[in-house]
Amino acid sequence: MYKLLLVDDEPIIIKGIRSLVDFDALSISEVFEAYNGDEALEIFKTHLPDIVLADINMPKMNGLDFSASAKTVKPDVKIAIITGYDYFDYAVTALKSGIDDYVLKPVSKKDIDELLKKLILKLQTDHSQLEVSRLVHDIINKSHTASDAGYKAEIQEIINANISNVEFSLTYLAKQMSLSSTYLSSLFKRLYGITFQDYMLSIRLDRAKILLLSTNMKIYEIASAVGFEDPNYFSASFKKKFQYSPNQFREKARE
C-alpha cells in the first residue's frame with residue numbers, strides 16, 4: 001500500500017483530485033493534503049509518503065524547491081508536478097532536476113489515473129531492482145563465505161605441514177595453492193586479520209611454547225622445529241612476544 005501527498009494552494013484542486021480518483025484501486029491507503037510548500041515539507045517529513053502530486057506555483061515555498069527538499073529527505077519518493085501552461089517551462093526544468101513526471105491543468109480523471117499509475121509503476125520497478133540487487137549481493141556474499149572457508153582450511157593445512165620448514169614463505173604457499181602472491185597476500189589478510197609474516201611468527205612461537213613445556217629439547221632444536229634457521233633470532237623473537245627468553249620461560253613454568 002502507498003501513501004500519497006497532494007500539495008496545492010487551491011483547495012478545489014485537491015478536492016477535485018480526491019473526487020476523481022479511486023485510491024483503493026491504486027493501492028493508495030493514505031492521502032495527505034498541504035496548501036503551501038512549507039506545510040507540505042513538514043507533512044512529508046512526518047509521514048514520508050511514497051508519491052507526491054504538487055503544484056509549482058505555491059506560496060512560502062514553490063513546488064520545485066519543495067520537491068528538491070523532499071527528495072533529500074526520501075530519495076526514492078516519486079513526485080509529479082501539476083502546473084498550468086504558463087509554467088510549462090518550469091515543468092521541463094523540473095523533469096531535468098529529478099522530478100518524475102508532470103501534468104498540465106486542467107486535469108481530468110484519466111490524466112490523474114494515468115499519472116498515478118506511472119508513478120506507482122516506477123516505485124514497483126525501483127523496488128524490484130533493489131530486491132534483485134539484494135539477492136545478488138546475498139548470493140555473492142554466500143559464495144565468498146563458502147570460498148573463504150575453503151581457502152582458509154587449505155591454507156591452515158599447508159601451514160601446519162610446514163611449521164618446521166625454514167623455506168616456507170608466502171610465495172611458497174601461493175605456489176602450493178596455484179594463486180598469485182599478490183592475491184594470496186590480500187586474501188590472507190582478509191581471512192586472518194593480520195599479514196602472513198605476522199601470523200607465521202605468532203603460530204611458530206606459540207608452538208615453541210608447547211615444546212618448551214612438554215619436551216626436554218634444547219633451545220636450538222626447538223628453534224629448528226618451529227622453522228627458525230637462527231636460534232638467536234628465535235630467542236629474541238620469543239622474548240619480545242612473551243617477555244621471557246625461552247630458558248626463562250621453561251624455568252618459570254617448572255617452579
Side-chain angles (χ1 to χ4, degrees), residues 45 48 71-77 125-255:
K45 290 177 179 178
L48 297 176
K71 286 276 187 179
T72 300
V73 174
K74 186 179 180 182
D76 60 342
V77 63
T125 301
D126 285 357
H127 291 166
S128 295
Q129 290 173 344
L130 180 60
E131 187 60 29
V132 169
S133 296
R134 284 174 178 166
L135 287 172
V136 170
H137 184 265
D138 287 346
I139 290 170
I140 290 173
N141 276 349
K142 288 176 182 176
S143 175
H144 280 169
T145 300
S147 177
D148 284 354
Y151 274 136
K152 191 167 185 178
E154 184 179 359
I155 288 170
Q156 200 60 55
E157 183 178 352
I158 296 171
I159 286 175
N160 291 342
N162 285 275
I163 291 293
S164 63
N165 181 3
V166 295
E167 302 296 329
F168 188 60
S169 64
L170 182 70
T171 302
Y172 182 103
L173 178 60
K175 286 181 180 178
Q176 292 288 306
M177 299 181 67
S178 299
L179 298 173
S180 73
S181 296
T182 302
Y183 175 74
L184 180 58
S185 178
S186 61
L187 173 65
F188 195 98
K189 183 71 179 291
R190 186 173 80 240
L191 293 177
Y192 288 87
I194 59 174
T195 65
F196 171 81
Q197 288 78 9
D198 287 344
Y199 180 79
M200 287 306 303
L201 180 61
S202 178
I203 196 172
R204 279 171 162 160
L205 292 176
D206 285 341
R207 184 71 61 89
K209 270 177 49 174
I210 294 172
L211 294 176
L212 285 165
L213 294 173
S214 62
T215 75
N216 290 317
M217 293 170 66
K218 299 183 183 301
I219 301 304
Y220 74 86
E221 292 174 328
I222 292 176
S224 177
V226 296
F228 283 84
E229 194 169 17
D230 182 353
N232 292 326
Y233 176 61
F234 162 69
S235 295
S237 299
F238 191 96
K239 187 170 184 177
K240 184 177 181 180
K241 182 174 182 181
F242 300 117
Q243 287 77 54
Y244 295 101
S245 70
N247 277 325
Q248 288 172 336
F249 178 82
R250 175 178 271 170
E251 290 169 6
K252 189 171 181 61
R254 290 174 176 173
E255 289 177 358

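All residue numbers in this chain count up from 1 along the given sequence. Owing to the predicted nature of the structure, the values given are computational and were not obtained by experimental measurement.
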For Glu157, does the CD atom have more than 12 heavy-atom neighbours from other residues, nucleotides or ligands under 6.0 Å away? no
Heavy atoms of Asp148 and Arg190 approach each other most closely as OD1-NH2, 2.7 Å
Could you pull out every donor-acceptor pair under 3.5 Å between side chains of residues 205-228 and any protein atom, sequence neighbours left out?
unit_1	atom_1	unit_2	atom_2	d
Asp206	OD1	Lys241	NZ	3.2
Ser214	OG	Ile210	O	2.6
Thr215	OG1	Leu211	O	2.6
Thr215	OG1	Met217	N	3.3
Asn216	OD1	Arg254	NH2	3.1
Glu221	OE1	Lys218	N	2.8

For Tyr192 and Gln156: C-alpha separation, side-chain torsions, deciding distance, then whether side chain to side chain contact (heavy atoms under 4.5 Å, CB included) applies. CA-CA 10 Å; Tyr192 288 87; Gln156 200 60 55; 2.8 Å; yes
Going by the rule side chain to side chain contact (heavy atoms under 4.5 Å, CB included), which residues pair with Thr125 if we only count those two or more places apart in sequence or in a different chain? Leu121, Gln129
What's the spacing between Lys189 NZ and Asp198 CG if we round to 0.5 Å? 8.5 Å
I need the Phe249 CZ to Phe238 CZ distance, nearest 0.5 Å. 5.0 Å
Side chain to side chain contact (heavy atoms under 4.5 Å, CB included) assessment of Arg204 paired with Met200: CA-CA 6 Å; Arg204 279 171 162 160; Met200 287 306 303; 3.8 Å; yes
Sorted by chain and number, sequence neighbours left out, side-chain hydrogen bond (donor to acceptor under 3.5 Å, both in side chains) with Asn232 holds for none
Would you please name every residue forming a side chain to side chain contact (heavy atoms under 4.5 Å, CB included) with Leu48, sequence neighbours left out? Phe44, Val73, Lys74
Please tabulate, one pair per line, all N/O donor-acceptor pairs under 3.5 Å involving side-chain atoms of residues 167-185, not counting sequence neighbours.
unit_1	atom_1	unit_2	atom_2	d
Ser169	OG	Thr171	N	3.4
Ser169	OG	Tyr172	N	3.1
Ser180	OG	Tyr183	N	3.0

Is Ser235 reaching over with its side chain to a backbone N or O of Pro231, donor-acceptor style, under 3.5 angstrom? yes
Rounded to the nearest 0.5 Å, how far apart are CG of Leu187 and CD1 of Ile155? 5.0 Å
Quick one: pull up OH in Tyr233 and NZ in Lys240 and give me the separation to the nearest 0.5 Å. 8.0 Å
Sorted by chain and residue number, the ring-ring contact (aromatic ring centres under 6.0 Å, His included) partners of Tyr244 (sequence neighbours excluded) come out as none
